[in-house]
Amino acid sequence: MIKQSGQLDRRITIKTFTTSTDDFGQINKSFSTLASVWAKVVERSGSEKEVSDQIVAVKKVDFFIRHRSDLNEQMRVEYNGKTYTIEAIINADSRESFQRIETRLTD
């Protein structure tokens with residue numbers, strides 16, 4: 001939870017999914033930067049799960065940011081050189097001043 005904006009002390013980058021067409025008519029899918037914002041970072045948990053007969057580590061991290069109306073769950077968050085998949089975007093307070101972005105990092 002955010003009590004004051006001074007807790008937003010980490011810089012994160014929000015990436016949005018884009019498509020473009022090259023000179024040969026091929027569609028290219030990529031992520032481009034939507035915004036670089038200040039955030040509070042809270043590590044929630046870590047676990048392991050089996051994916052395709054391999055054990056992978058899964059880390060859950062919440063990012064608290066100032067409210068933005070242009071976010072969705074198809075976007076990604078980059079922090080400290082790692083890319084986090086967004087699982088949910090939730091209003092973090094009753095005034096809708098801040099949002100909590102629930103993410104997971106899979107190694």
Side-chain angles (χ1 to χ4, degrees):
M1 188 63 131
I2 296 287
K3 300 215 188 279
Q4 56 186 344
S5 58
Q7 293 177 297
L8 307 177
D9 61 351
R10 301 287 185 254
R11 201 72 170 160
I12 66 170
T13 303
I14 300 170
K15 298 283 194 165
T16 184
F17 182 73
T18 59
T19 59
S20 61
T21 306
D22 65 14
D23 295 337
F24 301 105
Q26 297 291 323
I27 296 175
N28 297 319
K29 299 176 183 177
S30 62
F31 281 88
S32 62
T33 299
L34 173 70
S36 187
V37 298
W38 291 102
K40 175 182 176 183
V41 181
V42 177
E43 295 185 13
R44 287 189 295 144
S45 65
S47 63
E48 295 178 340
K49 69 177 185 177
E50 188 173 336
V51 176
S52 300
D53 296 330
Q54 293 184 349
I55 302 292
V56 294
V58 178
K59 184 178 187 180
K60 302 254 182 184
V61 178
D62 289 346
F63 296 96
F64 291 85
I65 65 169
R66 290 190 182 273
H67 187 273
R68 294 184 61 101
S69 61
D70 56 352
L71 293 181
N72 63 55
E73 284 80 5
Q74 286 73 44
M75 296 179 179
R76 295 181 178 174
V77 173
E78 286 187 357
Y79 172 65
N80 277 350
K82 296 180 180 169
T83 302
Y84 296 80
T85 303
I86 296 176
E87 294 184 328
I89 301 168
I90 300 165
N91 288 326
D93 63 348
S94 60
R95 292 184 174 184
E96 297 185 0
S97 301
F98 298 99
Q99 289 173 309
R100 181 177 79 213
I101 304 172
E102 295 180 356
T103 67
R104 71 178 153 74
L105 173 66
T106 307
D107 287 339

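Please read these numbers as outputs of a predicted model, since none were measured by experiment.
- Note that the CG atom of N91 and the CD atom of Q99 stand 6.0 Å from one another [nearest 0.5 Å].
- Between E102 and I90, the closest side-chain pair of non-hydrogen atoms falls below 4.5 Å.
- F17 and L71 fall into different hydrophobic clusters, where Ile, Leu, Val, Met, Phe, Trp and Tyr side chains are chained together by heavy-atom contacts under 4.5 Å.
- By the 4.5 Å heavy-atom criterion applied to side chains, F63 and R100 are not counted as neighbours.
- In this structure, T33 and K15 have side chains that are in contact, with non-hydrogen atoms separated by less than 4.5 Å.
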Trace of the side chain to side chain donor-acceptor pair (under 3.5 Å) decision for K60 with T103: CA-CA 6 Å; K60 302 254 182 184; T103 67; over 6 Å; no
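- If you take CD1 on I65 and CG on L8, they are separated by 9.0 Å, rounding to the nearest 0.5 Å.
- Tracing side-chain contacts under 4.5 Å through hydrophobic residues (I, L, V, M, F, W, Y), one never reaches I101 starting from F31; they form parts of separate clusters.
- Cation-pi geometry between R11 and W38 is met: the NZ or CZ atom falls under 6.0 Å from the ring centre, inside 45° of the normal.
- Shortest non-hydrogen contact noted between R68 and I14 is CD-CD1, 4.3 Å.
- R76 and I86 make their closest contact through N-CD1, 4.1 Å (heavy atoms, listed as atom of the first residue, atom of the second, distance).
- Classification of the Y79-Y84 ring pair by plane angle, with boundaries at 30° and 60°, yields tilted.
- The closest donor-acceptor contact from the side chain of E87 to the backbone of R104 lies at 3.5 Å or more, if one exists at all.
- Note that the OG1 atom of T85 and the CG atom of L105 stand 8.0 Å from one another [nearest 0.5 Å].
- The main-chain N or O of S30 is found under 3.5 Å from a side-chain atom of T18 such that the two form a donor-acceptor pair.
- Looking at heavy atoms from C-beta onward, Q26 lies out of side-chain contact with T21 at the 4.5 angstrom threshold.
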